[in-house]
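Computed over heavy atoms, backbone and side chain alike; hydrogens, waters and symmetry mates excluded. Just so it is clear: chains get the letters A, B, ... in the order the sequence lines come, proteins before strands, and each one is counted from 1.
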There are 2 protein chains.
Amino acid sequence: MTEDKYQQVTQLFHLFSQSARLQILDELRRDEACVCHLQTVLGRPQAYVSQQLRVLREAGVVANRKDGQLVYYRLNDPKIAQLLEIVLGQVGARTHPPDCPCPRCNCCDSNVLRE
Amino acid sequence: MTEDKYQQVTQLFHLFSQSARLQILDELRRDEACVCHLQTVLGRPQAYVSQQLRVLREAGVVANRKDGQLVYYRLNDPKIAQLLEIVLGQVGARTHPPDCPCPRCNCCDSNVLRE
DNA sequence: ATCATATATGCAGCATTATGCATATTATGC
DNA sequence: GCATAATATGCATAATGCTGCATATATGAT
C-alpha cells in the first residue's frame with residue numbers, strides 16, 4: 001500500500017521530468033490553450049506536442065475540450081499548479097508568440113499590442 | 001535563460017521520479033538518517049542505496065555528515081519537504097524497522113517498545 | 001597489522017523512454 | 001463529394017537510466 005503510493009507519485013514526477021511536458025504544464029497553468037498554441041510556444045513538431053499531450057492526458061494531469069477544429073487543454077488538478085509554483089515561482093503572463101496562428105493570439109489585434 | 005530554468009527543474013523532478021529515491025527523501029524529511037538505516041528501510045543492496053544517495057547528493061538535494069563509521073544524510077533544501085508534503089501528505093513518524101542495525105533504531109531499547 | 005563493518009565507486013547488460021517520421025482521423029469549407 | 005487544416009496515433013531507433021555485481025576506501029576494534 002505504501003509502495004503503491006510511492007509508485008503513483010513517481011509516475012507523476014516522471015511527467016514533470018522532461019522539459020517539453022514541463023513547459024506545456026507551465027503554459028497551461030496560465031490559461032487553457034489549444035494544441036496549435038502550445039506547438040508554437042514549444043517550437044516543436046505538432047506530432048511531438050500531441051504525443052506529450054496524450055501522455056499527460058492519459059495520466060489524468062490535463063483534460064481537454066473540443067471547440068470546432070481546435071482542442072483546448074487545461075490542467076486537471078490544482079495540485080499541479082501548486083507544485084509548479086514551488087519550483088517555477090508565480091505564474092507570469094500568457095505567452096503570445098507573434099507567429100502563433102491560434103485565435104487567442106490573434107483576437108483584438110493582440111499581436112499589434114505586443115511591443 | 002527560460003529554457004535553462006526548465007532544464008533545471010526537470011532535473012529536480014527526475015530525481016523524484018524513481019521510488020527508491022523518493023522513499024529516501026520521504027524518510028529524510030522525518031529526520032536525518034545513516035546509510036545503513038536507509039538500506040534497511042528500502043530493503044535494497046547497500047551499493048544501490050549508496051548510488052542513489054550519490055545522485056541526490058551531487059544534485060544538491062541532500063547533504064551528509066560523517067560521525068565515526070556512519071554517514072548521516074539529510075535534506076538540503078526546505079523546498080524539497082514542501083514538494084513532498086503536497087504529494088505525500090504530512091510527514092509521519094520515523095520508520096523503525098526491527099532489524100535495523102543503526103544506533104538510532106537501537107538506542108533506548110526502542111525496538112522493544114515497538115508493538 | 002589484520003579483520004570486520006560502513007560506505008562509495010565503476011562498469012555492464014537490460015529495460016525503458018525519447019524523438020522523429022509517416023500516416024490516420026476529424027472537422028470545416030467549398 | 002473533395003481539399004485543407006487541426007489533431008492524433010503507430011512505429012522504429014537512438015538515447016538514457018536502472019540495477020546488480022565486483023571492488024575500493026575508510027573507520028574502528030583486536
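- For A:Gln69 against C:dT28, a side-chain-to-base donor-acceptor contact under 3.5 Å is absent.
- Residues B:Val61 and B:Leu15 have side chains in contact (heavy-atom distance under 4.5 Å, counting atoms from C-beta outward).
- Look at CD on A:Gln39: it is 13 Å from P on C:dG20, rounded to the nearest Å.
- When distances are taken from the side chain of B:Gln51 to each of D:dG20, D:dA6, C:dT19, the shortest belongs to D:dG20.
- A donor and an acceptor atom sit less than 3.5 Å apart, one in the side chain of A:Gln46 and one in the base of D:dA8.
- Mapping B:Gln52 and B:Gly68 onto DNA chain D by nearest heavy atom places B:Gln52 closer to the 5' end of the strand.
- Look at CD on A:Gln11: it is 13 Å from P on C:dT16, rounded to the nearest Å.
- Here the side chain of B:Ala47 is nearest to one of D:dA22, C:dC21, C:dA27, namely D:dA22.
- Here D:dG17 presents its P atom at 17 Å from CZ of B:Phe13, a figure rounded to the nearest Å.
- Side-chain contact, B:His14 with A:Gln18: no donor N or O sits under 3.5 Å from an acceptor N or O.
- With hydrogens and angles left out, the side-chain atoms of A:Tyr72 and A:Asp67 include no donor and acceptor closer than 3.5 Å.
- The shortest distance between the side-chain N/O atoms of B:Arg44 and the OP1/OP2 oxygens of D:dG20 is not below 4.0 Å.
- Rounded to a whole Å, the CG atom of A:Leu42 is 12 Å from the P atom of C:dT19.
- At a threshold of 4.0 Å, the pair B:Glu85-B:Arg29 does not count as salt-bridged, since none of the basic side-chain nitrogens sits closer than that to a carboxylate oxygen.
- The CD1 atom of B:Ile24 sits 11 Å away from the P atom of D:dT19 (whole-angstrom rounding).
- Counting only heavy atoms from C-beta on, A:Gln18 has its side chain closest to C:dT19 among C:dT19, D:dT7, C:dT26.
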Run the salt bridge (charged side-chain N to carboxylate O under 4.0 Å, His left out) check on B:Arg74 and B:Asp31 step by step: do they pass?
CA-CA 7 Å; B:Arg74 63 179 181 279; B:Asp31 194 7; over 6 Å; no
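- The side chain of A:Arg54 places no N or O atom within less than 4.0 Å of a non-bridging phosphate oxygen (OP1 or OP2) of D:dT7.
- Checking the phosphate oxygens (OP1, OP2) of C:dA18, a side-chain nitrogen or oxygen of A:His14 falls inside 4.0 Å.
- In the set C:dT19, C:dA8, D:dT19, C:dA8 carries the atom at the smallest distance from any side-chain atom of B:Tyr73.
- Between A:Gln7 atom CD and D:dC18 atom C1' there is a gap of 13 Å when expressed in whole angstrom units.
- Checking A:Arg21 against A:Asp67, the closest nucleotide of DNA chain C that is more toward the 5' end is the one next to A:Arg21.
- Partner assigned to C:dC30 is D:dG1, using Watson-Crick or G-U wobble distances below 3.5 angstrom.
- One interatomic measurement links the two molecules: NZ of A:Lys66 to P of D:dA5, which rounds to 18 Å at whole-angstrom precision.
- The side chain of A:Cys34 has D:dT7 as its nearest neighbour among D:dT7, D:dA8, C:dT26.
- Residues A:Val41 and A:Gln23 form a side-chain contact, since some pair of their non-hydrogen atoms from C-beta on lies under 4.5 Å apart.
- Here the P atom of nucleotide C:dA8 and the CG atom of B:Asn64 are 7 Å apart, to the nearest Å.
- Within 4.0 Å of A:Ala20, counting heavy atoms only, lies no atom of the nucleic acid at all.
- Taking only side-chain nitrogens and oxygens, A:Tyr48 never comes nearer than 4.0 Å to OP1 or OP2 of C:dG20.
- Look at B:Arg57 and you'll find a side-chain N or O under 4.0 angstrom from OP1 or OP2 of C:dT9.
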